[in-house]
Amino acid sequence: MARLLRASQNAILRLSSSSSSSSYSPRTQFLSFLHHSATSLLSPKPTPTSLGVSEALPRSPIEANIVRVLRNEIQYQSEFAPTDQPVTKFKSFTVQDRRGEQWIILRGKYSGEEDVKIDVTMFDGYELSPKHDSIGEDMRLHLSVLVHISKGDGSNELLFACSAWRDGFEVQNVYLLPRDRKLARVPYMGPHIGRLNGKFQEILRDYLGARGINDELSFFLHDYIMNKDRIELVQWLRTVKSFVEK
């Protein structure tokens, strides 16, 4: 192919030299066009490296569009909804973030002999409530919380199933579980706390409050999970973008 093109170039040059000495004519213009076309075919084609492109292009327009949308969303989340470095301690509790999971764990002690462990989900529900000073409704986000209280003597564990709203805790159920979690029979799990009288509910709140599980903790958990939600979102976007770019 290269020899054929070079032969065409030589023929074009010979035709050009035998033509009229006029600087412009249809024939000379046509010969000039053929010479330029042959030279272009013989010239090496630019590569992505020579053009300064360092990374491989997506395989299809659809993939290119997905990568563009993901990149823009990552930039938006990073610039307009920046995240904070997750804290590792709140009051007497240590906070363990489960990166990539929908849980966090808090651990603490009470009076030197009780172990307190708190499992907290990401936001898993909401309810609407009327606004107090305007028309419309507010959205109350919900966190599911499990509070484990155990003692070092190997006795049973007290488990509180709670709802954490931004403005406070609600105890839903209280379970007494064997330490080894082996249940030979299906035990009576206790009533729904909301069905009991208000005095009993108040006693349970005081019991948890003495161990640092109160409305202030609920407020902290909502702020922490809101921040975690943004962190997990950005990481998920980056993971998907990396997969599409491969």
Side-chain angles (χ1 to χ4, degrees), residues 55-109 115-129 131 136-149 157 159-173 175 181 208 211-246:
E55 58 183 50
L57 296 176
R59 300 174 186 174
S60 71
I62 294 177
E63 290 175 336
N65 188 49
I66 292 174
V67 170
R68 179 183 61 80
V69 171
L70 289 172
R71 185 184 296 114
N72 290 342
E73 184 63 23
I74 292 170
Q75 182 178 359
Y76 171 81
Q77 292 292 336
S78 300
E79 293 180 357
F80 297 98
T83 58
D84 300 320
Q85 181 67 26
V87 301
T88 59
K89 193 171 181 62
F90 176 76
K91 299 295 182 76
S92 61
F93 295 102
T94 59
V95 184
Q96 179 186 357
D97 183 20
R98 309 283 293 183
R99 188 61 61 89
E101 299 181 13
Q102 299 188 54
W103 290 85
I104 67 170
I105 297 175
L106 287 77
R107 297 181 186 273
K109 279 189 172 294
D115 293 318
V116 180
K117 177 189 172 192
I118 306 173
D119 297 321
V120 186
T121 67
M122 302 280 280
F123 295 117
D124 57 2
Y126 69 92
E127 70 174 21
L128 298 175
S129 60
K131 292 184 176 180
E137 294 178 313
D138 282 325
M139 180 183 293
R140 299 177 71 212
L141 296 176
H142 177 268
L143 300 172
S144 293
V145 178
L146 294 177
V147 180
H148 309 255
I149 298 177
E157 176 182 283
L159 175 65
F160 292 80
C162 305
S163 292
W165 307 96
R166 190 171 186 85
D167 54 358
F169 265 93
E170 290 180 4
V171 180
Q172 304 295 341
N173 292 94
Y175 309 115
R181 294 291 198 278
L208 291 175
R211 289 153 180 81
I213 303 160
N214 50 29
D215 294 351
E216 187 179 3
L217 175 63
S218 185
F219 189 88
F220 163 78
L221 291 176
H222 273 254
D223 280 350
Y224 189 100
I225 294 298
M226 187 71 73
N227 186 63
K228 176 178 172 63
D229 188 71
R230 295 197 301 269
I231 292 175
E232 297 294 348
L233 172 61
V234 171
Q235 183 57 45
W236 179 83
L237 291 170
R238 287 173 176 162
T239 301
V240 175
K241 175 175 170 290
S242 176
F243 177 86
V244 175
E245 287 178 326
K246 287 183 179 179

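The shown structure was predicted, so the numbers you read here are calculated from the model rather than taken from an experiment.
A side-chain donor-acceptor contact under 3.5 Å links Glu232 to the backbone of Gly100. Looking at Ser218, its side chain does come within 3.5 Å of a backbone N or O of Trp165 through a donor-acceptor pair. Checked by atom type and distance alone, the side chain of Thr239 pairs as donor or acceptor with a backbone atom of Gln235 at under 3.5 Å.
By the 6.0 Å contact criterion, CG on Leu128 is enclosed, its count of non-hydrogen atoms from other residues, nucleotides or ligands being greater than 12. Annotation: Lys109, atom NZ; neighbour count of heavy atoms from other residues, nucleotides and ligands within 6.0 Å is above 12. For NZ of Lys89, the number of neighbouring non-hydrogen atoms (other residues, nucleotides, ligands) closer than 6.0 Å is greater than 12. For Glu101, the CD atom is densely surrounded, since the number of other residues' heavy atoms within 6.0 Å is greater than 12.
When only modelled atom types and interatomic distance are considered, His148 and Asp119 share a side-chain donor-acceptor pair under 3.5 Å.
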task = Apply side-chain contact (heavy atoms from CB on, under 4.5 Å) to the pair Glu127 and His142, showing each step before the final yes or no.
result = CA-CA 8 Å; Glu127 70 174 21; His142 177 268; over 6 Å; no
message = Could you walk me through whether Tyr76 and Asn72 satisfy the side-chain contact (heavy atoms from CB on, under 4.5 Å) test, starting with their C-alpha distance in whole Å, then the side-chain angles of each, then the deciding distance to 0.1 Å, before giving a yes or no?
response = CA-CA 6 Å; Tyr76 171 81; Asn72 290 342; over 6 Å; no
request  = Starting from the C-alpha separation in whole Å, work towards a yes-or-no answer on side-chain contact (heavy atoms from CB on, under 4.5 Å) for Leu143 and Tyr224.
outcome  = CA-CA 11 Å; Leu143 300 172; Tyr224 189 100; over 6 Å; no
message = If you apply the rule side-chain contact (heavy atoms from CB on, under 4.5 Å), what do you find for Ile104 with Leu221, and how did you get there?
response = CA-CA 9 Å; Ile104 67 170; Leu221 291 176; 4.1 Å; yes
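Taking 4.5 Å as the limit, every side-chain heavy atom of Val147 sits out of range of all side-chain heavy atoms of Arg211. You'll find the side chain of Phe219 reaches within 4.5 Å of the side chain of Arg166, heavy atoms only. No side-chain heavy atom of Gln102 sits less than 4.5 Å from a side-chain heavy atom of Asp124.
Summarising the geometry, atom CG belonging to Leu217 is positioned 10.0 Å from atom NE2 belonging to His222; distances are rounded to the nearest 0.5 Å. Annotation: the span from Ser144 atom OG to Gln172 atom CD amounts to 9.0 Å, rounded to 0.5 Å. In this structure, CZ in Phe123 is found 9.0 Å from OG1 in Thr121, a value given to the nearest 0.5 Å. Rounding to the nearest 0.5 angstrom, the gap separating the CG atom in Leu146 from the SG atom in Cys162 is 8.0 Å. Rounding to the nearest 0.5 Å gives a distance of 5.0 Å between CD1 of Ile149 and CD1 of Ile213. Atoms NZ and CD, on Lys241 and Glu73 in that order, are 13.5 Å from each other to the nearest 0.5 Å.
Taking all atoms of both residues into account, the shortest heavy-atom contact from Gly212 to Phe93 is O-CE1, 3.7 Å. In terms of heavy atoms, Pro86 sits closest to Asp97 at CG-OD2, 4.4 Å. Closest of all the heavy-atom pairs between Leu237 and Leu70 is CD2-CD2, 3.7 Å.
Seen from the ring of Trp103, Arg98 does not count as a face-on cation partner, given the 6.0 Å and 45° thresholds.
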